[in-house]
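First listed ligand is number 1; within each ligand, the first listed atom is number 1. Keep in mind the model is a prediction, meaning the values are calculated, not measured.
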Amino acid sequence: MYVVIGATGNTGRVVTEDLLAAGLPVRVVGRSAERLADFVKSGAEAAVGDVADAEFVAQACDGVGGVYHMIPPRYDVDLSAWQSEAGKALFEGIRDAGVPYIVNLSSVGAQHHHGTGPIAGLREQEDRFNELTEADVLHLRPGYFMENLFMMLDAIRGMGVLPMPLPGDLAVAMIATRDIGAVAARRLAALDFDGHHTMELLGPRDYTMNEVASLVGAAIGVPDLPFVTVSEEDAAAGFEQMGVHPATIATFMEMYRAIADGRVAPQETRSAANTTPTTMEEFAAVLAAAYGA
Ligand SMILES: NC(=O)c1ccc[n+]([C@@H]2O[C@H](COP(=O)([O-])OP(=O)(O)OC[C@H]3O[C@@H](n4cnc5c(N)ncnc54)[C@H](OP(=O)(O)O)[C@@H]3O)[C@@H](O)[C@H]2O)c1
């Protein structure tokens, strides 16, 4: 039996679908039985509860052979404090259940303990799992999610530009979350890791922000959509409008600074193993559907 934390999310959904498609038994974790119902129809068991409750996590993971773990993000509270609270509870629950194989969703940039915003919280979780000498642990370190661009669609619609506090000519490893889920499911099905490892996942290639704007613009019917580097103040104001907690906005700004100054750069040389298939061109078509183009 495998447990998937965050099974209704971007990556967890794919992990669940792929494990079920391989005929493997899955217990899906989330806060709503209704949202998990389709997986139950497809043969999964559901465990409904809050990952900040270590006892619930231990029960959900009782007797299982492997877990897909991620810290669900929360932007309406202080994200770092939440990462710490939920991260500890998830760690304690998984440890107490004695799960032998853990695939943990971390991030590019997790080589650093500090100065990377939310990525530092993911590194802290890697460190917790690395205490488990009895468990085999694979930390996946993907690049910047292409899905983050969904948050920019309103700004594109309103301002006619793609605005971010990053340089336009900065090349960034960007990945579609379905590709992360596919790797996680493959490694969990194979249980082919031994000890504690990290694995970066870098998308099909690096894209500059200027290229992203041009590819997204072409797909949504705004040709020559310009990328605009905005100030931290303007970016923060945009997040404030979306209801993001002030401490979380501050940690996002730290992350953008770390991306811009190269601190959040991949450590691995690009290879067949860390290159994933979905291109920005393909993903732009998904964005276009959401944009209504
Ligand atoms: N964005 C990036 O560029 C990036 C890059 C690298 C790493 N990451 C990391 O990736 C992770 C997010 O992955 P994702 O996009 O696959 O997640 P996601 O789509 O945000 O999904 C989170 C899932 O967790 C569940 N959930 C939320 N709060 C919960 C709670 N308190 N108890 C139980 N379940 C809860 C939600 O399901 P219900 O609502 O149904 O409960 C949802 O299915 C984060 O840890 C983030 O730091 C992000």
Within a distance under 4.0 Å of any heavy atom of [X], pick out the atoms of ligand 1 and give their elements.
{"X": "G49", "value": "32 (N), 33 (C)"}
{"X": "L105", "value": "10 (O), 11 (C), 13 (O)"}
{"X": "Y144", "value": "3 (O)"}
{"X": "S107", "value": "6 (C), 7 (C)"}
{"X": "T11", "value": "14 (P), 16 (O)"}
{"X": "D50", "value": "30 (C), 31 (N), 32 (N)"}

I want to know if ligand 1 touches V51 in the polar sense, i.e. an N/O pair below 3.5 angstrom. yes
Does [X] have a non-hydrogen atom less than 4.0 Å from ligand 1?
{"X": "P73", "result": "yes"}
{"X": "G181", "result": "no"}
{"X": "G121", "result": "no"}

How far is [atom] from the closest protein heavy atom, and which atom is that?
{"atom": "atom 13 (O) of ligand 1", "answer": "M70 CE, 3.3 Å"}
{"atom": "atom 21 (O) of ligand 1", "answer": "G9 CA, 3.3 Å"}
{"atom": "atom 19 (O) of ligand 1", "answer": "N10 N, 2.8 Å"}
{"atom": "atom 37 (O) of ligand 1", "answer": "T8 OG1, 2.9 Å"}
{"atom": "atom 44 (C) of ligand 1", "answer": "I71 O, 3.3 Å"}
{"atom": "atom 2 (C) of ligand 1", "answer": "F145 CG, 3.3 Å"}
{"atom": "atom 7 (C) of ligand 1", "answer": "S106 O, 3.2 Å"}
{"atom": "atom 30 (C) of ligand 1", "answer": "R31 CD, 3.4 Å"}

What distance separates [X] [atom1] from [Y] [atom2], expressed to the nearest 0.5 Å?
{"X": "T276", "Y": "M174", "atom1": "OG1", "atom2": "CE", "value": "12.5 Å"}
{"X": "M164", "Y": "L149", "atom1": "CE", "atom2": "CG", "value": "6.5 Å"}
{"X": "M146", "Y": "L215", "atom1": "CE", "atom2": "CG", "value": "9.5 Å"}
{"X": "L132", "Y": "I94", "atom1": "CG", "atom2": "CD1", "value": "8.5 Å"}

Sole residue of F145, Y207, F150 in ring-ring contact (aromatic ring centres under 6.0 Å, His included) with F283: F150
Regarding [X] and [Y], does a basic nitrogen lie under 4.0 Å from an acidic carboxylate oxygen?
{"X": "E134", "Y": "R95", "result": "no"}
{"X": "D261", "Y": "R257", "result": "no"}
{"X": "D192", "Y": "R186", "result": "no"}
{"X": "R128", "Y": "E124", "result": "yes"}

I'd like to know whether [atom1] of [X] has more than 12 heavy-atom contacts from other residues, nucleotides or ligands below 6.0 angstrom.
{"X": "E281", "atom1": "CD", "value": "yes"}
{"X": "H197", "atom1": "NE2", "value": "yes"}
{"X": "R178", "atom1": "CZ", "value": "no"}

Counting only heavy atoms closer than 4.0 Å, does ligand 1 sit against the backbone of [X], its side chain, both, or neither?
{"X": "T177", "value": "neither"}
{"X": "R35", "value": "side chain"}
{"X": "W82", "value": "side chain"}
{"X": "L122", "value": "side chain"}
{"X": "N148", "value": "side chain"}
{"X": "A86", "value": "neither"}

Testing V3, L188, V57 one by one against V67 for a side chain to side chain contact (heavy atoms under 4.5 Å, CB included), which residue passes? V3
Given the options H113, R141, H139, E126 meets side chain to side chain donor-acceptor pair (under 3.5 Å) only with R141
